Amino acid sequence: MSLLKSSSVITIAVSLFVLSACGQKAADDSQGNMAKEGATSGTGVTATAIINADDTPGEWLSHGRTYSEQRFSPLSRVNRDNVAELGLAWAFDFGVSRGIEATPIVSDGVMYVTSSWNIVNAINAKTGDLVWRHDPKVDKSRAAFMCCDIVNRGVAIWGDKVYTGTIDGRLIAIDVSTGKAAWDVNTIDKSEPYSITGAPRVVKGKVIIGNGGAEFGVRGYVSAYDAESGEMLWRFHTVPGNPENGFESEAMKMAAATWTGEWWTAGGGGTAWDSMAYDPELDLLYIGVGNGAPWNQNLRSPDGGDNLFLSSIVALRPDTGEYVWHYQTTPGDTWDFTATQHMILADLEVDGTQRKVIMQAPKNGFFYVVDRETGELLSAKNYVPVNWATHVDLETGRPVEVAGARWPGKPPYLQMPGPLGGHNWHPMSYSPDTGLVYIPAQEAPFAYGDDPEYLYKEGMWNTGANMALAALPTDEATFAAVKAMLKGRILAWDPVKQEAAWSFEHQGPWNGGILSTAGDLVFQGSADAHFAAYDAANGEQLWSFFSQTGIVAAPISYEINGEQYVAVASGWGGSYALAYGGVAPTGSEAGVGRVLTFKLGAKETLPGVSAIPARIPKPPAQTAPPETVAAGLGAYMRYCVTCHGDHAVSSGILPDLRRSAYLQSQESWDAVVRRGALSDRGMGNFGKFVDAEAAAAIRAYVIGQARMAVEDGDATAN
Ligand code: CA
């Protein structure tokens with residue numbers, strides 16, 4: 001019996017795709033780039049403009065608004081006294097239904113924001129009208145190399161260009177006035193499963209970009225490109241390569257001494273796929289480094305070692321990419337404990353002394369305050385329940401691990417946090433007014449265990465962990481107990497006292513990034529399809545809007561003609577949404593990505609949604625024996641679950657395999673799974689990895705899931 005019900009699927013009415021009179025703007029469906037008359041663009045955004053961003057508080061010029069990445073808006077026209085009058089000013093339809101993680105950039109009345117498949121939209125920030133749209137026409141077959149949905153976290157702007165990274169590893173400069181590419185460079189070896197999901201930053205005329213792919217087995221790095229010409233200026237690798245090939249720098253030589261075995265064969269990992277910050281005074285660029293590849297340290301560096309610079313904050317010279325210092329949050333990572341989470345720079349009084357700090361709440365569950373001049377750890381405290389380490393030793397700067405937590409070769413146990421982290425990529429916010437850091441925190445325990453059949457497969461998911469242990473239980477009582485452990489909240493954290501000031505509990509994990517403002521407000525969207533404002537001092541919810549789809553991206557605020565706007569990109573997606581969408585709060589099935597923009601007194605509405613019952617076509621007969629179905633479950637958890645969902649229950653973002661027409665015959669199933677019939681829509685060709693027997697077993701398992709859903713009355717058979 002399946003407990004993962006999808007009984008209340010909400011489907012957007014057809015009218016949604018039509019331009020309506022209620023402030024709804026739709027992206028033009030025509031392919032390619034198009035310029036439209038309307039808002040002006042092209043502002044000459046430079047270092048001076050970003051460094052002095054507080055002189056132009058009405059703009060949002062950089063990913064975290066400022067190089068300090070505080071995501072605090074000094075605007076206060078919208079405040080705790082009048083926020084109840086906030087209403088929808090305009091909505092812009094991306095015309096796509098996949099996850100949206102982008103932070104918009106606003107400069108000179110134009111908003112630049114990315115949607116799935118790396119489409120860049122320039123929108124009139126006052127009216128929501130499309131100015132231009134740039135489709136880089138990414139190679140969609142590379143979606144098979146995306147661990148966590150085909151997402152993108154936004155653009156950077158500098159001079160007369162907008163910069164964006166793509167899932168197929170390109171960095172593109174777009175002319176702000178025409179929407180046409182000025183240059184387009186490849187940042188990766190295309191024979192390796194690299195990708196880009198992060199937003200570039202531009203520092204001193206250099207566009208900085210990292211990449212993703214550590215789940216598949218790559219070697220991470222960040223690179224700098226000349227903003228004008230696209231010429232590559234430097235590259236800093238985050239983990240060492242094969243010593244026989246020589247080291248790129250002294251830093252790589254130092255790092256190699258902390259690795260054992262032949263780590264380079266699976267890349268080593270350490271992808272810097274998201275966070276960066278810059279301190280112009282110290283002239284230091286900070287990058288957050290990801291997990292090891294494979295996760296399982298025994299398979300990566302068999303005699304242990306810290307494995308630098310995995311799970312570290314690394315400070316670099318932006319002119320040269322030269323290493324300055326590092327702080328490693330999780331030495332010898334074996335849990336997918338990235339330190340790619342959002343980093344915030346602030347000046348705090350610590351033990352009576354004013355310190356320049358960098359703050360991070362990485363996946364491992366500890367909140368770190370580090371001196372950003374030297375990398376010295378000042379304090380660390382767990383911000384969510386943690387059972388893999390007792391505390392962080394301030395003398396050594398290292399976590400004190402619990403016996404048995406280093407799981408390879410040991411019996412699995414339910415660990416907190418797991419690979420989803422106590423906090424994932426969703427941006428935090430720091431308010432200098434309240435002195436609090438607002439964290440989109442979560443609890444999602446995970447049982448790590450050895451993969452008995454692990455064999456490195458180039459271009460495939462290579463974690464060395466038994467992903468079958470990640471399946472949610474199907475017996476009712478255990479399932480209810482596990483579901484009750486899945487939690488999410490806004491956590492207002494005092495970084496000086498290292499304790500919670502307040503928290504607001506959501507229905508589960510994977511809620512949106514956060515904005516705080518001088519109006520004493522905190523804004524956040526949530527998995528249950530709401531966008532809300534909270535009192536920054538005590539967490540009281542003051543205003544809320546039903547967004548029809550879950551929100552994971554972070555909001556921004558800007559001002560035009562004396563009116564303050566608050567905007568957020570909506571669109572449920574990302575790793576938790578794909579893998580565990582079946583247990584997420586309702587509302588997220590209305591899969592349409594938009595920009596939602598609010599101002600005081602506005603009264604626009606979104607087109608209605610109509611609830612229709614989920615329908616599963618009559619599933620084929622189950623002709624396979626139970627042992628084949630069991631083998632199919634194993635193969636499903638190895639190859640399919642991270643995109644198509646636990647128990648083959650989709651959250652509506654990707655096709656629900658139980659409803660797939662291709663399930664009807666083994667021949668059509670094989671055409672998709674083993675011969676790549678849908679690779680131009682993002683479904684990878686698994687022919688290299690899944691043989692005919694395994695494909696048939698996976699199909700038998702999915703048929704079983706479809707038949708159970710029909711029998712349970714979760715859906716109606718035709
Ligand atoms: Ca990872």
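Each ligand, and each atom within it, is numbered from 1 in the order the structure gives. All of these numbers come straight from a predicted model, not from anything done at the bench.
Residues Phe309 and Tyr323 place their aromatic rings such that the two centres sit under 6.0 Å apart. The ring of Trp388 has its center closer than 6.0 angstrom to the ring center of Trp335.
For the Ca ion (ligand 1), the N/O/S atoms of Thr271 include none lying under 3.0 Å.
Counting only residues at least two apart or on different chains, the salt bridge (charged side-chain N to carboxylate O under 4.0 Å, His left out) pairs with a member in residues 439-454 are Glu443-Arg489, Asp451-Arg638, Glu453-Arg638.
Within Asp336, the N, O or S atom lying nearest to the Ca ion (ligand 1) carries the name OD1. Residue-level check: among N/O/S atoms of Glu215, OE2 sits closest to the Ca ion (ligand 1).
When each of Thr334, Asp303, Thr260, Asn307 is checked for a side chain to side chain donor-acceptor pair (under 3.5 Å) with Gln297, only Asn307 meets the rule.
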